[in-house]
Amino acid sequence: MNYRITHRTTYAYSAQVAVSHHAARLRPRDTDTQRCLEFGLSFDPEPDLLTEHVDSFGNQVSCFSVQKLHKHFEVVSRSYVSITAVLQPDPLQTPAWEDVAAKFRDPVSVDLLDPCQFVFGSPLLVHEMPLRTFALPSFPKGRPVLAAAADLCRRINQEFVFDPKATTISTPLKEVLEKKRGVCQDFAHLAIASLRAMGLPARYISGYLRTHPPAGKPRLQGVDASHAWASCFVPGFGWVDFDPTNNCFTALDHITVAIGRDFSDVSPVRGIITGGGKHSVMVGVDVEPVET
Amino acid sequence: MLSRVADSIYWMARYVERAENLSRLLLSTQDLLLDAGAEGLDEEQFWRPILATTGDEEAYTAVHKKIKGRDVAAFVALRPENPNSILNSIRAARENARTVRDQISDDVWECLNGLRLFVESNEGRSTFRNQNAAFYERVLRRSYQFQGIADSTTPRGEVWHFLRLGTCIERADQMSRLIDTCSAISMDMPPHPQSRPLRWAALLRSCSAWHAFQAEHSKLDPKKIIEYLLLDETFPRSVACCVVELHQTLQCLCGVGSLHHMPAPVRRAGRLRSDLAYTTVDEVLAFGLHEYIDALQTRLNDIGEAIFQTFVLYADLTPLKDDGPLESTPTQPLGAYHVHSDEDAQIQQQQ
Amino acid sequence: MSSLFNDYQPGKFFDEVFSAPGAARSHYEALLSNVGSLTPGDYSSLQKAVDAAFLKMGVTFTVYGDDQGTERIFPFDLMPRIIPQREWERVEAGLIQRITALNLFLNDIYHGQKILTDKAVPEELVLSASHYRPEFKGVKVPHGIYIHICGTDLVRDDKGEYFVLEDNGRCPSGASYMLENRHAMKRAFPGLLQSLPVRPVDTYGTMLRETLEHLAPKGVLDPTVVVLTPGIYNSAYFEHCYLAKQMGVPIVEGRDLIMRNDRVFMRTTKGLEQVHVIYRRIDDDFLDPLVFRKDSLLGVPGIINSYRKGHVALANSIGTGVADDKAVYALVPKMIEYYLDQEPILPNVKTYLGIKKKECAYILDNLEKLVVKAVNESGGYGMLMGPSASKKERSDFADRIKANPRNYIAQPVLQLSRHPVFVDDHFEGRHIDLRPYVLYGDRVRVVPGGLTRVALRKGSLVVNSSQGGGSKDTWVLWDECSDKAASTQLAA
């Protein structure tokens with residue numbers, strides 16, 4: 001399956017901005033099942049400075065600064081991505097979750113160094129008791145790790161209401177847990193923190209989701225959005241992504257852009273301005289399937 | 001020198017000067033009241049002008065129903081809620097000094113720190129309660145001491161220039177406010193005609209001009225007094241004298257270049273200086289004293305704004321348009337400490 | 001023996017001055033004969049004069065959790081602590097060894113992570129440290145040095161043995177008090193300082209500046225160095241300002257700096273001026289809102305990018321906090337073995353790690369005997385003094401440990417050495433520690449002495465300024481016969 005993706009972020013300021021700095025993680029990653037065939041960024045106004053580097057999680061980061069007076073700024077990423085079918089292990093055949101957790105208690109073997117960094121608390125997700133309490137029912141003794149993750153995924157999907165008005169980017173997990181409402185980012189965080197509360201590695205994935213128009217209707221442009229889901233580590237196999245918002249393992253519809261410990265590692269566009277008064281931001285994403 | 005440091009030095013000097021002027025104003029009003037005798041006098045008429053000078057009438061009436069001498073004095077002197085009080089001016093001066101301690105001499109710092117310790121101490125409060133004249137005297141002395149120490153320990157570089165800018169502009173501003181208090185009520189105050197000169201004497205005293213004025217003029221002619229305090233270039237507290245120094249200091253800071261390419265602060269100060277030099281007191285009165293002072297204050301504010309824009313704000317990003325009214329560019333609080341700048345203390349915004 | 005010390009009781013602790021009641025250690029004799037001859041009245045008026053001078057000069061720190069942002073003076077006890085040359089040499093060698101190993105460790109975990117793949121230390125301990133910055137992996141820092149300025153806390157046990165209590169590799173504070181204390185001593189006892197071979201500390205400003213200039217980007221001959229402070233409301237603002245003045249460099253806040261073309265500039269009255277080296281006294285988290293905490297108003301957006309490219313140098317580097325983590329502290333002796341193939345000269349205090357199951361169980365079973373510390377707290381916060389804590393405090397702490405074992409470590413309660421401190425009109429013993437300052441530029445240098453901190457409350461073992469601690473001047477003596485050593489040292 002191939003996709004042509006356009007991601008447009010537009011800032012409007014009520015007054016002139018003197019300097020703005022941005023850091024963007026917009027380039028879809030190359031993974032075992034995904035290839036980014038084309039990628040380009042365009043800007044308005046053109047930044048005075050543009051540099052790129054790869055961060056420690058393997059995401060490509062583009063940093064750009066506009067150093068002249070401006071009242072709006074737009075960055076558009078265009079990419080062309082090819083995805084092949086995901087090979088999924090049978091959840092019931094994966095090792096028991098306790099055995100996986102044991103591998104990440106001392107001593108940890110050297111080849112698990114990479115997943116090991118995803119076991120601990122991270123900037124937005126500190127260990128808290130209520131999370132373990134929440135997670136426990138999905139982890140009866142001996143349940144295979146992926147089956148446990150799938151159950152967690154199902155419970156989040158069933159017990160929580162998708163409600164864009166209930167939370168913001170900075171709502172703490174505890175509040176999400178109390179309100180039982182949130183968006184994809186909250187659900188991904190919840191799944192990750194729950195896995196970690198059980199001593200299991202888990203990471204955060206940001207990306208896009210293909211939306212299917214209602215039967216007989218044409219696909220609308222620009223209505224798609226950034227999406228987020230979680231990933232669980234299965235020894236002997238590797239990372240397996242699952243989407244608590246939609247209660248599924250990811251397949252051909254999920255396009256991976258960036259990977260990190262939580263949202264703070266992967267925010268698609270992050271910026272700081274000097275001056276500018278009030279500002280507003282608009283994000284438009286378009287995921288167009290291309291038949292091959 | 002760092003822009004923020006320049007701004008802090010400038011405001012440190014302004015706040016010291018403000019505290020000094022307030023103290024002198026309170027002291028002279030109190031004296032006036034004593035001289036005039038209390039019989040049949042409306043306390044309010046004496047004290048309202050003070051609130052008018054400091055621009056705090058509204059803030060005062062929010063706390064007190066009636067204008068009473070004791071309340072006004074306490075409000076202007078020590079009220080922590082009053083951002084323009086002597087107490088807060090001294091605090092602000094000291095906070096600014098604290099941010100630039102590496103730039104000022106230890107003696108200047110100790111002088112200001114000592115003053116702050118005094119006004120915040122129980123000793124300070126009880127001095128004010130029991131004998132407020134002694135309190136004002138103490139602030140005045142310290143402020144003179146500050147000027148003296150600064151004068152004898154500060155190298156004549158940028159630090160000095162910004163110190164002088166702050167002192168001069170604040171002094172000119174305070175003086176103009178002081179004159180303005182007489183513009184509306186001067187002729188019908190006080191009720192006894194024979195004590196009329198008292199009001200004018202008090203005006204002279206409240207800016208330490210009594211003796212200097214007497215040495216030149218034998219009669220307390222209101223017109224002469226206005227001329228002296230507004231247009232005389234020899235008396236150090238007159239508006240004209242302050243503006244002359246302001247202009248000279250700005251020239252030192254900017255360097256003397258072609259007259260046609262003067263930076264905005266120099267140009268504005270220079271223009272005001274010559275206006276004051278070539279204006280007669282009759283013209284002022286014909287124009288209307290209050291209206292004239294209103295315009296004068298606007299121009300002083302414009303000079304202050306131009307100083308900020310040129311030296312503190314990131315000059316090469318937001319160039320000043322040559323002349324014309326200033327564009328109100330959004331400015332981050334880059335510079336000095338002020339008593340109530342907390343709400344907009346956001347330098348950067350996140351998105 | 002003089003009158004002031006006649007009734008002094010060293011007690012059952014290791015006393016720095018007296019080996020037994022009335023028996024002074026030899027390196028204190030000259031001092032005692034001088035100070036002891038004063039009357040209590042003279043002594044206390046000297047003390048009062050110094051206190052007044054500190055307040056007047058604004059030698060203060062800010063106490064948090066107090067609405068008024070109260071500034072207090074850091075209480076200062078006049079009687080100096082003396083360290084003889086031979087003792088100091090060992091301390092110095094130990095500190096140099098330690099900072100060298102710590103830097104090799106940081107360079108390793110931010111690059112190849114060899115120490116982890118070789119299993120010399122448990123990786124989960126390092127990777128789980130909350131100040132570990134994976135964002136910063138692979139970034140080359142000037143000369144591969146991460147900690148340029150280190151304040152290492154040393155204590156002595158009941159036998160007088162030196163131990164390292166913790167490393168402060170982020171923004172160690174207190175150097176200004178060390179300098180001010182010496183200044184005060186010079187005024188209070190001018191003759192005494194002249195007659196004793198006390199090694200000077202006032203070169204610290206110059207040494208610090210040299211250390212910082214050493215980091216300047218290649219090709220910059222006359223680098224502009226600045227001190228970056230969070231501002232006047234920071235508890236250590238006095239110190240930031242003081243050090244800037246000592247070095248003769250500007251003190252700046254985040255808002256004074258601006259990025260252009262990936263370079264850092266400060267706004268001056270004459271335009272923009274490029275900055276090459278920043279002695280930053282702002283924590284990683286607040287340094288660059290583009291990379292770390294977004295809500296930080298103290299930092300400079302884009303500064304990390306500039307650092308990454310080598311256009312500006314930061315001291316200390318990013319991510320050094322991982323070495324401050326009290327659980328990682330426990331690994332330092334292993335680092336010394338692994339990187340330097342040496343035995344640690346200065347031993348660690350025995351440490352039990354909450355993250356290790358067995359050790360955690362031991363901690364929980366022996367709370368009343370141990371000091372428990374949160375791994376990332378400093379300043380005496382987040383601590384449980386087992387023996388003096390109430391039952392409720394202990395069980396509260398046990399819950400916290402169980403909830404997040406990685407976050408806690410425990411150590412046996414050390415009977416810190418004591419030193420006479422003037423109380424009202426006589427001397428009493430109080431527990432002390434020592435924070436020497438280590439600078440790592442073109443070579444490692446240790447300032448002779450440091451800040452001796454005193455737990456002023458009777459019986460207290462907590463020396464932090466925020467918890468009722470005070471300080472003393474620290475005198476490192478040249479050996480009586482080491483004039484030669486002195487001159488060679490100066491030449492070096």
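All chains are named by letter (A, B, ...) in the order of the sequence lines, taking the proteins before the strands, and each is independently numbered beginning at 1.
- In this structure, B/Glu158 and C/Lys270 have side chains that are in contact, with non-hydrogen atoms separated by less than 4.5 Å.
- With values rounded to the nearest 0.5 angstrom, B/Asp102 atom CG is found 11.5 Å from C/Gln246 atom CD.
- In this structure, chain B has heavy atoms under 4.5 Å from both the backbone and the side chain of C/Glu253.
- To the nearest 0.5 angstrom, C/Tyr237 atom OH is 7.5 Å from B/Arg98 atom CZ.
- In this structure, B/Arg4 and C/Asp256 have side chains that are in contact, with non-hydrogen atoms separated by less than 4.5 Å.
- C/Tyr242 has its side chain out of reach of B/Arg101: every pair of non-hydrogen atoms, C-beta onward, lies at least 4.5 Å apart.
- Between the side chain of C/Lys245 and the backbone N or O of B/Gln103, no donor-acceptor pair lies under 3.5 Å.
- Proximity of B/Phe162 to C/Thr269: side-chain heavy atoms (C-beta onward) are separated by under 4.5 Å at one or more points.
- Remark: side-chain polar atoms of B/Ser3 are paired, donor with acceptor, to backbone N or O of C/Arg267 under 3.5 angstrom.
- Taking chain C as the reference chain and counting heavy-atom pairs below 4.5 Å, the highest number among B/Val5, B/Asp106, B/Thr99 is found for B/Thr99.
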